[in-house]
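Everything on this sheet refers to the single structure shown next.
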Amino acid sequence: MNVQNSTNNQPKYLNPYFGGVLLGLLVLLTVYITGRGLGASGAVKSAVVTTTETFAPDHARDNAYESKFVSDDHSPMYNWLVFESLGIFFGGLLSGLLFGRVKKFRTEHSPKITSKTRLIVALIGGVLFGIGSQFGRGCTSGAALSGSATFAFGGVLVMLTIFGSAYAFAYFFRKLWI
Amino acid sequence: MGPLIPNGFIPGDWNFVIAILLGIAFGFILEASGFSSSRNITGVFYGYNFVVLRVFFTAVIVAMVGLLYFDYFGWIDLAKIFILPTYLGPMLVGSVIMGLGFILGGFCPGTSFTAIAIGKIDGLVFTVGLYLGIFIFAESFPLFADFYNSGNMGNVTLTDVTGIAAPWFALAFTFIALAAFWGTMFIEKRVRKNIKEYKF
């Protein structure tokens with residue numbers, strides 16, 4: 001395994017092309033086994049629907065969007081993407097432990113901004129990504145990666161538009177990162 | 001014979017076990033590639049770290065070419081795999097919102113889960129944001145339900161839309177990726193010389 005070494009105890013990461021081959025093979029394996037790709041935002045959607053169903057069951061059934069994901073036989077958490085996303089967390093933990101990156105809670109940010117700024121912006125970014133992923137029928141995993149890999153027109157569309165618009169916005173938010 | 005579960009080669013009971021195992025592999029690869037760090041991820045937009053482009057493009061071309069081989073050898077029935085439906089307008093708008101969320105948040109949903117796993121508070125806050133965003137979307141859904149359902153082109157592939165066979169797209173993506181890998185190598189070197197805020 002080719003591991004990139006860097007100065008002053010910076011984390012060691014896989015060679016990106018090796019990581020990419022592994023990820024591509026994983027998408028292929030996932031499609032081969034399940035007939036669909038990987039995902040991530042769907043699990044958060046299930047969590048939202050579950051919360052509404054728990055605290056306001058009638059409301060969840062009345063809501064034109066959430067009612068699509070409510071079922072009488074089982075909880076919305078009993079869903080492929082929820083289990084897969086639990087796996088993402090544990091897989092991340094495993095890799096973090098293996099490469100020595102699991103440390104006490106911390107906030108990563110550019111030295112030009114404070115932790116507080118970073119967290120406020122991360123929250124806003126999350127809200128926007130959450131809203132956008134519903135219109136986009138998936139996020140970078142489900143739509144952009146798995147969609148493109150299966151030659152779906154919408155997948156390539158989402159991939160190009162997410163990255164294209166992020167490049168267009170990047171200049172205005174450069175103080176957050178560099 | 002594939003896809004295995006839809007074709008009944010693996011019983012449906014195994015679905016969730018497989019989901020967790022595939023998820024673990026996914027999370028491991030994301031974290032090990034450096035995607036648990038928002039500053040690694042956003043490097044692609046400022047030229048100081050192209051790891052996202054390298055991993056993402058490599059993965060797409062490996063999976064694309066792999067699927068074509070699987071189809072060629074008769075291992076998978078491409079007619080039975082899920083094709084993401086295209087809703088033209090909503091997808092474009094959603095992706096622009098996601099692009100803005102990406103540059104602000106520094107994560108996408110999957111990568112933020114791995115960031116939480118190694119103790120990043122910004123990853124946790126981003127995920128809370130995702131939850132709030134989807135909640136806001138669901139609660140205000142009636143306002144834009146018509147737009148959400150507009151532009152439905154069905155479950156179309158690149159071939160359905162353009163009439164060009166899939167292998168040509170795989171070939172084109174491969175060439176674009178190789179050109180991008182080569183070009184960004186020089187950009188990265190130049191940008192890194194002038195950046196002091198980020199340690200490599």
Side-chain angles (χ1 to χ4, degrees), chain A residues 13-14 16 19-20 22-24 27-28 32-33 35-36 40-41 44 48 65-66 80 83-84 87-89 91-93 95-96 101-102 105 107 119 121-123 125-132 134-136 139-141 147-149 151-155 158 161-162 165-166 169-170 177-178, chain B residues 2-4 6 16 19-20 23-24 27-29 31-34 42 45-46 51 54-55 58-60 62-63 66 81-84 86 90 94-99 101-105 108-110 113-114 117-119 121-122 125-126 129-130 133-135 137-138 141 156-158 161 166:
Chain A
Y13 296 120
L14 294 183
L22 290 182
L23 186 56
V27 172
L28 185 60
Y32 179 65
I33 295 177
R36 340 178 33 124
S41 55
V44 185
V48 170
Y65 191 63
E66 295 187 11
W80 200 89
F83 285 83
E84 184 238 18
I88 297 180
F89 175 84
L93 185 63
S95 162
R101 281 191 286 271
V102 181
F105 287 105
T107 302
L119 292 180
V121 176
L123 185 74
V127 168
L128 290 170
F129 219 119
I131 294 173
Q134 303 310 297
F135 282 113
C139 60
T140 12
S141 315
S148 301
F151 300 93
F153 179 69
V158 169
T161 317
I162 290 182
S165 63
F169 293 126
W177 303 104
I178 53 173
Chain B
L4 298 180
F16 291 146
I20 289 184
I24 289 175
F28 189 96
I29 297 167
E31 208 290 325
S33 299
T42 48
F45 301 117
Y46 298 103
V51 61
R54 291 176 185 133
V55 174
T58 310
V60 169
V62 166
I81 68 169
F82 171 75
I83 300 296
L84 185 80
T86 300
S95 303
V96 170
I97 299 174
M98 281 191 271
F102 206 1
I103 203 72
L104 287 171
C108 60
F113 303 162
T114 68
I118 67 159
I121 301 171
D122 42 334
V125 170
F126 180 87
L130 285 178
I134 298 176
F135 182 75
F137 175 90
F141 184 71
V156 288
T157 61
L158 290 166
V161 175

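Within every chain, numbering begins at 1; the chains are lettered A, B, ... in the order of the sequence lines, protein sequences first and strands thereafter. Side chains are part of it too, since the values below use all heavy atoms of this structure and drop only hydrogens, waters and symmetry mates.
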Need one label for [X]: side chain, backbone, both or neither, based on atoms under 4.5 Å from any heavy atom in chain A.
X: B:T42; value: side chain
X: B:V161; value: side chain
X: B:Y46; value: side chain
X: B:F126; value: both

Chain B heavy atoms under 4.5 Å from A:Q134: which part of the residue, side chain, backbone, both or neither?
-> both
Name of the residue among A:V127, A:V48, A:V44 meeting side chain to side chain contact (heavy atoms under 4.5 Å, CB included) with B:L130 =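 When side chain to side chain contact (heavy atoms under 4.5 Å, CB included) is applied between B:L130 and each of A:V127, A:V48, A:V44, only A:V44 qualifies.
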Heavy atoms only: give me the nearest [X]-[Y] pair and the separation to one decimal.
X: A:L14; Y: B:S33; value: CD1-OG, 4.4 Å
X: A:F169; Y: B:G99; value: CD1-C, 4.2 Å
X: A:T161; Y: B:S95; value: CB-CB, 3.4 Å

Most contacts with chain B, counted as non-hydrogen pairs under 4.5 angstrom, among [options]:
options: A:A152, A:G155, A:G132; answer: A:G132
options: A:G92, A:A170, A:S95, A:A149; answer: A:S95
options: A:G19, A:S141, A:G20; answer: A:G20
options: A:L93, A:T140, A:V27, A:I33; answer: A:I33

Only pairs of heavy atoms separated by less than 4.5 Å count here; which of [options] has the most with chain A?
options: B:F141, B:F113, B:F135; result: B:F141
options: B:A166, B:G110, B:G94, B:G133; result: B:G133
options: B:G2, B:G34, B:G119, B:A63; result: B:G119
options: B:D122, B:T58, B:T86, B:I20; result: B:D122

Please assess B:F16 against A:F83 for the test ring-ring contact (aromatic ring centres under 6.0 Å, His included), listing each intermediate value before the final yes or no.
-> CA-CA 6 Å; B:F16 291 146; A:F83 285 83; 4.3 Å; yes
Any chance the rings of B:F45 and B:F102 have centres within less than 6.0 Å?
-> yes
Reported [atom1]-to-[atom2] distance for the pair [X] and [Y], which is rounded to 0.5 angstrom:
X: A:L128; Y: B:I97; atom1: CG; atom2: CD1; result: 7.0 Å
X: A:S148; Y: B:L158; atom1: OG; atom2: CG; result: 8.0 Å
X: B:I29; Y: B:T114; atom1: CD1; atom2: OG1; result: 12.0 Å

